[in-house]
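These notes concern the structure reproduced below.
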Amino acid sequence: MAQRPLINNQRQDDDNPDEYEDFEELQGVVERITYRNDENGYTVARYNIDGAGLTTIIGRFVSINDGEHLTILGKWIEHPKFGRQFEVAQSRMSAPATLKGMEKYLASGLIHGIGPKFASKIVTHFRDQIFDVIEDHPERLREVPGIGRKRAKSLAEAFKKQKAIRGLMIFLQEHDVSATLAIKIYKEYGDEAIRVLKENPYTLADDIFRVGFRTADSVAQKLGIALDDPKRYRAGVQYILKEASGDGHCYLPRQEILTAGEELLDADVNSLDEAVKYLEEEEKVVDDSGRVYLRFLHEAEGEIANVLAKFATGKVKKYQKQVLDAKIAQIQKIEKLDLAQQQQQAVVKAFESQVVVITGGPGTGKSTTVRVIVRLFEQLNRTVRLASPTGRAAKRLEEACGRPASTIHRLLEYHPQQGFGRNADMPLDCKVLVVDEASMLDTPLMYYLIRALRPGCRLVLVGDVDQLPSVGPGTVLHDIIESGIVPVVELTEIFRQAAGSLIIRNAHRINSGKGPTYDPEGGAKDFRLVKEENRDAIGDQVIRVIREKLSRDFDPLNDIQVLTPMHAGNAGARELNRRLQETCNPPSGDKGELKLGDRTFREGDRVMQIRNNYDLDVFNGDIGRIVWIDKREGNVRVEYDRMVNYTRSNLDELVLAYAITVHKSQGSEYPCVVVPLTTSHWIMLQRNLLYTAITRAKKYCVLVGMRKALWQSIRNAHTNERYTNLMVRLRDASEAVESRKQEG
């Protein structure tokens, strides 16, 4: 059994020493790096085993260089193409131990401008003093002919950096931190990593993607942080609030935090209460009458309320009714439109108010109404900008209005390092802003948006309030409507052309608590129910419907989208994606393919981005198609509305998207939608979820599954309540504005 500790290259936690009983320990020198992916540390190298000659080793290493002495723990495997290799589970490294090793180390390309020739000269000149010279007297390197000030400095700095990496590795090795996590830690903190981890390892959860509190807590305990350390309790409270915001809450009642903390941290209530008080003093959380917010969310909610209250009472330029009516009539004639009374009311209200909400279900003419609003303001020489929370929704808005539209992030000129370029100091250059799919606005995004509006700018919010709420915290559109302080026009009339669609008719029926119909007058055939009462067979039925029925009229790769309530189960997104990939895009010799753990990506696959990546300019929910894979390097090219190149390090931000959750479909439309319904998804069977899924279909919608699950969805009008206080704060802010006016 090897001595411990060594770097664990495969596992997150090393809780079972027995798993290494069959592993072998080797000692030797890295002769040559054959392949190295710096993003994730995966390395193939030739390794000279002490006294036994060369072999190939594979594994993940934070840092590895030619000439380094390495002690490794792992097992021999037989690769079908490359033969016998040693798969490294753990490793322990040190500086080159011999002059030959040092020469190879310096010649490895580690230092720019130092190759085999200079490496040999340096080692020959200094012999046994070489390590002391580089570390303590780097100026002496200039004694070697051809080594100037710049090259000597570069060599010393590179060696110092590698020494820092080795120091970090030794530190992490001693605490059983996996190599995968070690790579992420070093990439995030660099030479400051040890200091950061010693001061507060819980920052890992804040700074590193897909490292949550539990992982950070595990590292903290390995570093000797006590279970009752106040830092742990504070980090736990912040984690609870962040998790709550991920579930849509802007705050949590204080008592719920204490209860959740007891379970998560095995802590007493008094200690947790002290943790909350400390975070209040540090201005990281705010207790607003027992409602505990992360500080930013409290500020954001308050700012939204204050600005909208001012907008709601803002004065705008008035036109005589006859003049306004004439302009609207002229636009209708030019656009060949005939607005209904509610639509005309919405247009007038948008003109007469600084902020207005236009809401309504599918087929009620929201897009036509917005088109007329845009034309009206343009006739009056008002600069109009159009935006939506997602790229897909922005594209639909652009098509409906015949004018450019963008995502809100692009509108506000977001940059990863600088933040939002448009803000209170640099407001948007428009007189009118129209935001479509406003039901998707969460509290943070609404905050950044309203901060960038000039005084006097009109804000038109358009959306279907009966859709699912935003993925992020808050129920902004709902709260604005319910506050009663903002003018609201609800479009309820379904137009004749839309009324001929069963998709639209059934969406409205379901939204009112009625069951769908399948035999309309006029013979519309765009909605279907495929019954399958065996819950274990619903996934099979989905595949069968797509393969045998829908693929006759729709392209499975481009036109058919499965929308499912949940990720798990045989009718959940994960399993359906696996099976749909094999059905719609099976492997073939001419398709590049890349395996990552239990995931396989293939050229032609439909994929979805699951995290905002501002460096790549792709966002959570964006769907594209893989057009090229470099299996050796782990690079993938995805086509969205443009080409985006991924490296192996950020492929964890991509998932297959043949089947996605209904929540991820918000703001999108698809030619054909398939919705599996099973009582296995009982907790997610809600009316607004089914309504949202159906309204994503443009030409055809198929429900596949159990009638019991269908009716459970229709009857369950209860939505998961979110902790948000925007409605109350809007009313309070409105009263404050009115009070100031009366006093003034």
Side-chain angles (χ1 to χ4, degrees), residues 362 468 500-556 559-580 582-584 658-663 665 670-718:
L468 287 170
S501 164
L502 271 184
I503 294 172
I504 290 175
R505 289 177 59 182
N506 283 334
H508 284 277
R509 285 179 64 86
I510 287 168
N511 199 37
S512 62
K514 300 174 184 177
T517 182
Y518 308 99
D519 188 22
E521 295 181 10
K525 297 180 180 178
D526 59 356
F527 191 96
R528 184 182 174 199
L529 171 65
V530 177
K531 298 177 186 176
E532 178 53 75
E533 299 302 328
N534 179 358
R535 72 174 69 182
D536 296 328
I538 291 173
D540 296 332
Q541 190 67 266
V542 167
I543 303 297
R544 190 176 302 117
V545 166
I546 291 173
R547 185 176 60 237
E548 298 177 6
K549 307 284 186 184
L550 298 178
S551 59
R552 300 172 187 170
D553 301 309
F554 298 98
D555 178 0
D559 299 336
I560 301 172
Q561 183 63 62
V562 177
L563 301 180
T564 180
M566 298 183 74
H567 289 286
N570 65 39
R574 278 191 290 268
E575 178 62 15
L576 285 174
N577 267 318
R578 184 188 65 80
R579 299 186 61 187
L580 285 167
E582 296 306 305
T583 300
C584 302
Y658 299 99
I660 64 176
T661 63
V662 180
H663 285 82
S665 73
Y670 313 95
C672 178
V673 165
V674 180
V675 185
L677 292 170
T678 168
T679 51
S680 299
H681 296 160
W682 194 264
I683 192 172
M684 296 297 289
L685 295 178
Q686 298 169 357
R687 185 185 297 174
N688 64 347
L689 187 138
L690 179 59
Y691 172 75
T692 300
I694 291 171
T695 56
R696 300 307 91 200
K698 292 170 65 176
K699 296 180 179 179
Y700 203 83
C701 180
V702 185
L703 307 183
V704 180
M706 308 166 70
R707 288 185 62 85
K708 184 177 181 181
L710 170 64
W711 278 101
Q712 166 65 15
S713 298
I714 295 170
R715 293 191 182 106
N716 184 13
H718 174 77

* **Smallest separation among heavy atoms of Pro362 and Ile504, with atom names** => O-CG2, 3.5 Å
Sequence neighbours left out, cut at 3.5 Å: what donor-acceptor pairs do the side chains of residues 545-553 make with other protein atoms?
unit_1, atom_1, unit_2, atom_2, d
Ser551, OG, Ile546, O, 3.3
Ser551, OG, Arg547, O, 2.6
Arg552, NE, Glu548, O, 3.0
Arg552, NH2, Glu548, O, 3.2

* Asked: Does a side-chain heavy-atom distance below 4.5 Å link Asp555 with Ile560?
  -> no
* Asked: Taking the side chain as C-beta and beyond, is there a heavy-atom pair between Tyr691 and Ser512 under 4.5 Å?
  -> no
* Structure fact -> For Pro676 and Val562, the nearest pair of non-hydrogen atoms, with its separation, is CD-CG1, 3.9 Å
* Asked: Is any side-chain heavy atom of Leu685 closer than 4.5 Å to a side-chain heavy atom of Asn716?
  -> no
* With no hydrogens and no angle check, is any side-chain donor or acceptor of Asn688 less than 3.5 Å from a backbone partner on Leu468? -> no
* For His663 and Leu689, indicate whether the former's side chain and the latter's backbone hold a donor-acceptor pair under 3.5 Å. => no
* To do: Using atom types as modelled and distance alone, determine if a side-chain donor or acceptor of Thr583 lies under 3.5 Å from a backbone N or O of Leu580.
  => no
With a cut-off of 3.5 Å and sequence neighbours excluded, list every side-chain donor-acceptor pair involving residues 700-711.
none

* Structure fact -> Rounded to the nearest 0.5 Å, the CZ atom of Arg505 sits from the CD1 atom of Ile510 at a distance of 13.0 Å
* Can you check whether Leu502's main-chain N or O pairs, donor with acceptor, with Asp526's side chain at less than 3.5 Å? -> yes
* Once you round to the nearest 0.5 Å, how far does CD1 of Ile538 lie from NZ of Lys531? -> 13.5 Å
* Would you call Glu582 and Arg579 a salt bridge, taking side-chain N to carboxylate O under 4.0 Å as the test? -> no
* Asked: Once you round to the nearest 0.5 Å, how far does CG of Leu576 lie from CD1 of Ile543?
  -> 5.5 Å
* Among Asp536, Val530, Asn534, which one satisfies side-chain contact (heavy atoms from CB on, under 4.5 Å) with Glu532? -> Asn534
* NE2 of His567 to CD of Glu575: how many Å apart, nearest 0.5 Å? -> 14.5 Å
* Asked: Counting N and O atoms only, with roles assigned by atom type, does the side chain of Thr564 sit under 3.5 Å from a partner on the main chain of Ala571, one being a donor and the other an acceptor?
  -> yes
* Do side-chain atoms of Ser713 reach the backbone of Leu690 as a donor and acceptor pair under 3.5 angstrom? -> no
* **Nearest-0.5 Å distance that lies between atom CZ in Arg535 and atom OG1 in Thr679** => 3.5 Å
* To do: May I ask you to decide if Thr692's main-chain N or O and Arg696's side chain share a donor-acceptor pair within less than 3.5 Å?
  => yes
* Asked: What are the two closest non-hydrogen atoms of Val662 and Ala693, and how far apart are they?
  -> CG1-N, 3.8 Å
* Report the C-alpha distance between Leu563 and Val674 in whole Å, list the side-chain angles of each, state the deciding distance to 0.1 Å, and finish with yes or no for side chain to side chain contact (heavy atoms under 4.5 Å, CB included). => CA-CA 6 Å; Leu563 301 180; Val674 180; over 6 Å; no
* Structure fact -> Tightest non-hydrogen contact, residues Pro516 and Ile714, listed as CD-CD1, 3.9 Å
* To do: Work out which heavy atom in Cys584 is nearest to a heavy atom in Tyr658; give both atom names and the distance.
  => CB-CE2, 4.1 Å
